[in-house]
Amino acid sequence: MRLATWNVNSVRARVDRIVEFAVRESVDVLAMQEIKCTVAQFPFDAFAEAGYHVEAHGFSQWNGVAIASREPLTEVETSFPGMPGFANNVSGPDSPLEARALGATVGGVRVWSLYVPNGRALGDPHYFYKLDWLGALEQHVRQTLTETPDQALALVGDFNIAPTNADNGDPAVVEGFATHVSAPEREAYAALEAAGLSDVVRPLVPTGYTYWDYKRLRFPKNEGMRIDFILGSHSFADAVTGAAIHRNERKGEAPSDHVPVVVDLDLTGPDDDDRPMIF
DNA sequence: ATGACTAAGCCACTTAGA
């Protein structure tokens, strides 16, 4: 199975480009973030013509997540337990939920397409919302992997955190003055790893950014950030056979500011033929 | 000068992204 995640920054503005990529790269499951439309506005037909089922979740022009898959998606959820909402600068369990999470099962893998809140600025209500949101996500991962430790679980998407200084090449994003690189955000990311997940791309693709700001020639100067990740439980990580960051998707006509991140999985499990026969 | 991209909607300005 080939699984990809991509913050597409409006699915309607570049649907042809997205579907062409999925077909060209033989992507089986494509998790998307920032679809920037309602479910009613989603261009399902273009995906269906290319052989993809789609589950989409979006309320408005803001946020929105989706998963396209060649095989049908089951057990679809539009939030994880405890996920806080946000409206009118108030976050918490009583605020309306935003369209930032979509969970579905395919090929035995539980996939979450996630668009972690941006945070806007250090100290902004949205920043505390981001930290609360990540804390609830960690709790969900912890609970899932306590109940079913061998579940192939993947959290994929735009985490809006550069976990190390090497993941930030944008000179405007300065530690101590900007979101994405603050200690609490990095601690929230580390807590996901402590809960039993690992970045399955980094061992195979140690360097490279996944996002470049549209402004100030960030892409030609390669002043980007690595903020889009595929985090997997041990069963998922053990099945990974390859990974890629498709930097070329930042080029050309009307690109997203993010590029796709892809992993290949061998989910057939241990080969019985390799084991000694015991009578 | 801290600005100068992009997308969507109450569409010619505002909000949001990061």
Side-chain angles (χ1 to χ4, degrees), chain A residues 5-18 32-43 46 56-66 85-91 95-101 113-131 133-134 157-186 188-189 208-229 245 249-259 261:
Chain A
T5 185
W6 193 0
N7 178 324
V8 296
N9 186 21
S10 171
V11 68
R12 290 178 294 169
R14 49 188 60 85
V15 59
D16 291 347
R17 202 181 159 133
I18 296 163
M32 289 168 271
Q33 302 84 38
E34 276 212 274
I35 63 171
K36 287 189 166 177
C37 66
T38 65
V39 174
Q41 294 170 318
F42 193 96
H57 179 48
F59 295 126
S60 68
Q61 72 270 43
W62 308 121
N63 315 312
V65 283
F86 187 82
N88 303 315
N89 265 349
V90 177
S91 68
S95 294
L97 300 182
E98 297 188 307
R100 295 182 176 275
S113 179
L114 302 174
Y115 179 41
V116 175
N118 169 297
R120 295 182 187 165
L122 298 180
D124 191 284
H126 206 264
Y127 176 77
F128 299 113
Y129 167 51
K130 179 180 193 174
L131 296 176
W133 201 93
L134 287 163
D158 178 358
F159 285 75
N160 273 322
I161 298 168
T164 74
N165 287 341
D167 300 322
N168 174 30
D170 187 327
V173 179
V174 179
E175 212 179 338
F177 298 91
T179 61
H180 297 63
V181 293
S182 74
E185 289 165 281
R186 286 175 167 173
Y189 178 88
Y209 303 130
T210 64
Y211 157 87
W212 297 259
D213 198 320
Y214 287 121
K215 293 183 281 191
R216 289 167 289 232
L217 299 174
R218 288 293 188 239
F219 183 62
K221 292 159 90 170
N222 195 30
E223 295 175 335
M225 303 181 84
R226 185 168 179 141
I227 56 178
D228 299 88
F229 300 107
I245 298 173
E249 289 306 314
R250 188 61 176 79
K251 303 176 181 175
E253 191 76 16
S256 169
D257 43 1
H258 296 249
V259 295
V261 179

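We name chains A, B, ... by the order of the sequence lines, and we start the count at 1 in each one. Any value given below was found using the heavy atoms of this structure, including those in side chains, with hydrogens, waters and symmetry copies removed. Everything numeric here is computed off the predicted structure, so don't read it as measured data.
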| query | Within less than 4.0 Å of OP1 or OP2 of dG9(B), is there a side-chain N or O belonging to S60(A)? | reply | no
| message | Quick check: H126(A) with F128(A) (ring centres under 6.0 Å apart)? | response | no
| query | When the nearest nucleotide of DNA chain B is assigned to N7(A) and to S10(A) on a heavy-atom basis, which residue is associated with the more 5' position? | reply | S10(A)
| If the C1' atom of dA7(B) is compared with that of dA18(B), how far apart are they to the nearest Å? | 15 Å
| task | Using a heavy-atom cut-off of under 4.0 Å over every strand shown, decide if D124(A) touches base, sugar-phosphate, or nothing. | result | nothing
| query | Whole Å only: how far is the CG atom of D257(A) from the P atom of dA7(B)? | reply | 9 Å
| task | Calculate the interatomic distance between Q61(A) atom CD and dG17(B) atom P; express it in whole Å. | result | 11 Å
Show me the protein contacts with nucleotides 11-15 of chain B, counting only N or O atoms at under 3.5 Å.
none

| Nearest-angstrom distance from the residue atom OH of Y115(A) to P of dA7(B) | 14 Å
For nucleotides 1-6 of chain B, list the nitrogen or oxygen atoms of the protein found under 3.5 Å from its nitrogen or oxygen atoms, one pair per line.
{"unit_1": "dC5(B)", "atom_1": "OP1", "unit_2": "R216(A)", "atom_2": "N", "d": "2.9"}

| task | Would you please confirm or rule out a distance under 4.0 Å between OP1 or OP2 of dA7(B) and any side-chain N or O of Q41(A)? | result | no
| request: Could you check how far CG of D158(A) sits from P of dA16(B), rounded to whole Å? | output: 17 Å
| Distance, C1' atom - from dA12(B) to dA1(B), rounded to whole angstrom | 25 Å
| Pairwise C1' distance, dT15(B) and dC10(B) [rounded to whole Å] | 12 Å
